[in-house]
Protein chains: 2
Amino acid sequence: MVVQEETKLIGSVAKESGIPIKTIRYYEELGLLKTMGRTEGGFRLFSADVFARLNFIKRAQKLGLSLLEIREFLEIHDQGDLPCDRVQESLRNKLIEVDRQIQELQILRRELGRLLAGEAILPQNSAATICPIIEQV
Amino acid sequence: MVVQEETKLIGSVAKESGIPIKTIRYYEELGLLKTMGRTEGGFRLFSADVFARLNFIKRAQKLGLSLLEIREFLEIHDQGDLPCDRVQESLRNKLIEVDRQIQELQILRRELGRLLAGEAILPQNSAATICPIIEQV
DNA sequence: TTGATCTCTCCAGCCCACTAGAGAGTCAAG
DNA sequence: CTTGACTCTCTAGTGGGCTGGAGAGATCAA
């Protein structure tokens, strides 16, 4: 089989990206990846930009986005022009959420530092009615 | 039943924290929460600091920690003194991971901003062999 | 005492994101 | 033309984190 210059079979995509074949097929099924078509025998053909997509997926996923959310963003990307109002709205919300998440990670960071130093991170005998950890940190 | 001054039944914990009863029982089963004991009839009694714990759990979870990881941190906290070497090691690793995660969130933030502006976030026709999105951003 | 309203345990099922395996077809090299 | 590696689809199972329901007991107000 002569694979066209820029196309890759799923196996080499898997090998180069470190993502299992099964997972790649699963992502394609969900619509996160697109193939350039198939060989006559039905083998998937991927173009080289699949790696950028896989990388985006991996990264976004580690940040807590679901595969469906990621698909939405990839679809916006694929559209190539300004997203419609509804999508802009959802993007803006996500932005806010991401900001909050960054802040919370910074809090967690400090808490882990305290644990390392042998300090408590939660009040041991608190009579607080509203959780103090948020204000406290 | 006369509940002692500082103790709460699971229902009011659920109501005040917004976390379902089932989930609270589940957390206790996993060892994330401890009760102050039970009533004669077997009802769980929680002290007021359960809210701080629940809050910590919720927050940590949103940041991508598993319940088992969270339990580990709570156990360190409960111990109250300097964690042993092995645990310090794991804490330090987690700290590094958190730092990386913060950086990646900042990248994602910029990417979402670009999507909002109608710009592409992935190369459309890239011949890159190594994913460009990381360097690109 | 008798309801209404908790709460208990136990077991089953759901959703997400895979992952394993079976059985069959495809491809390049020799 | 065969061999061996690769790929296909399909079905089913896994693990984490809940969530629902059954059936039974506990608590409390009237």
Side-chain angles (χ1 to χ4, degrees), chain A residues 1-5 7-47 50 53-74, chain B residues 1-5 7-47 50 53-74 94 97:
Chain A
M1 184 189 64
V2 178
V3 174
Q4 276 193 343
E5 197 62 44
T7 61
K8 304 244 175 199
L9 290 180
I10 198 167
S12 65
V13 174
K15 194 166 288 177
E16 288 181 44
S17 69
I19 294 174
I21 289 183
K22 295 260 182 184
T23 305
I24 295 172
R25 280 201 276 255
Y26 178 62
Y27 288 169
E28 192 220 354
E29 193 190 336
L30 289 189
L32 282 93
L33 299 178
K34 280 131 180 52
T35 65
M36 304 196 58
R38 304 269 184 137
T39 65
E40 290 202 347
F43 288 15
R44 270 166 266 254
L45 292 172
F46 292 94
S47 61
V50 71
R53 276 180 104 85
L54 283 173
N55 217 292
F56 178 79
I57 294 169
K58 260 199 294 195
R59 200 155 41 72
Q61 209 178 13
K62 262 197 310 187
L63 300 176
L65 304 188
S66 74
L67 293 183
L68 297 190
E69 280 181 307
I70 296 170
R71 180 175 67 183
E72 199 183 344
F73 294 150
L74 285 172
Chain B
M1 184 189 66
V2 178
V3 175
Q4 276 192 339
E5 197 62 47
T7 61
K8 305 243 175 200
L9 291 179
I10 198 168
S12 65
V13 173
K15 195 167 286 178
E16 288 181 43
S17 68
I19 294 174
I21 289 182
K22 293 260 182 186
T23 306
I24 295 171
R25 279 201 276 256
Y26 179 62
Y27 288 169
E28 192 220 351
E29 192 190 337
L30 289 189
L32 283 93
L33 300 178
K34 280 132 180 54
T35 65
M36 304 196 57
R38 303 270 183 137
T39 66
E40 290 202 347
F43 289 13
R44 268 165 267 252
L45 292 171
F46 293 94
S47 61
V50 72
R53 275 178 105 84
L54 284 174
N55 217 291
F56 179 78
I57 294 168
K58 260 200 295 196
R59 201 155 41 71
Q61 208 179 15
K62 263 199 309 189
L63 300 177
L65 304 189
S66 74
L67 293 182
L68 297 189
E69 280 180 306
I70 296 170
R71 179 174 66 183
E72 198 183 344
F73 293 151
L74 286 172
K94 196 72 201 178
E97 205 184 301

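So that the names make sense, note that chain A is the first sequence line, chain B the second, and so on, each numbered from 1.
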Whole-Å distance, A:Leu32 CG to C:dC16 C1', equals 13 Å
Spacing between B:Leu65 atom CG and D:dG17 atom P, to the nearest angstrom:
10 Å
Rounded to whole Å, the NZ-C1' distance (B:Lys15 to C:dC6) equals 10 Å
Please give me the minimum heavy-atom distance between B:Ala14 and B:Pro20, naming the atom from each residue.
CB-C, 4.3 Å
Which residue lies toward the 5' end of DNA chain D, A:Ile10 or B:Leu67, if each is placed at its nearest nucleotide?
A:Ile10
Determine: side-chain N/O of A:Arg44 to OP1/OP2 of D:dT9, distance under 4.0 Å, yes or no.
yes
Nucleic acid contacts of residues 18-27 of chain A, taken as heavy-atom distances under 4.0 Å to DNA chain D
A:Ile21, A:Arg25
In whole angstroms, the gap separating P of D:dC8 from CG of A:Leu9 amounts to 8 Å
It should be established whether A:Gln61 places a side-chain nitrogen or oxygen under 4.0 Å from OP1 or OP2 of nucleotide C:dC16.
no
Over all atoms of both residues, closest heavy-atom pair of A:Ile24 and A:Ser17
CD1-OG, 4.4 Å
Does a salt bridge link A:Glu28 with A:Arg25, judged by any charged N lying under 4.0 Å from a carboxylate O?
no
Measure NZ/B:Lys62 against P/D:dG16 and give the value in whole Å, please.
23 Å
Where do A:Glu69 and A:Gly64 come nearest, in terms of heavy atoms and distance?
OE1-O, 4.2 Å
For A:Tyr27, which residues count as a side-chain contact (heavy atoms from CB on, under 4.5 Å) partner, sequence neighbours excluded?
A:Thr23, A:Leu32, A:Leu33, A:Leu54, A:Ile57, A:Gln61, A:Leu67
Send over the distance from B:Glu29 CD to C:dC11 P, rounded to a whole Å.
12 Å
A:Glu28 CD to C:dC18 P, in whole Å, measures 15 Å
Closest to the 5' end of DNA chain C, once B:Gly42 and A:Leu30 are matched to their nearest nucleotides, is B:Gly42
Please name the pair of heavy atoms, one in A:Phe46 and one in A:Leu9, separated by the smallest distance, quoted to 0.1 Å.
CD1-C, 4.5 Å
Looking only at C:dA17, D:dT9, D:dA26, the nucleotide nearest the A:Arg38 side chain is D:dT9
Suppose we screen for salt bridge (charged side-chain N to carboxylate O under 4.0 Å, His left out). Which residues come up paired with B:Lys62, at least two apart in sequence or across chains?
A:Glu104
Respond yes when some side-chain nitrogen or oxygen of B:Thr39 is under 4.0 Å from OP1 or OP2 of D:dT27, and no when none is.
yes
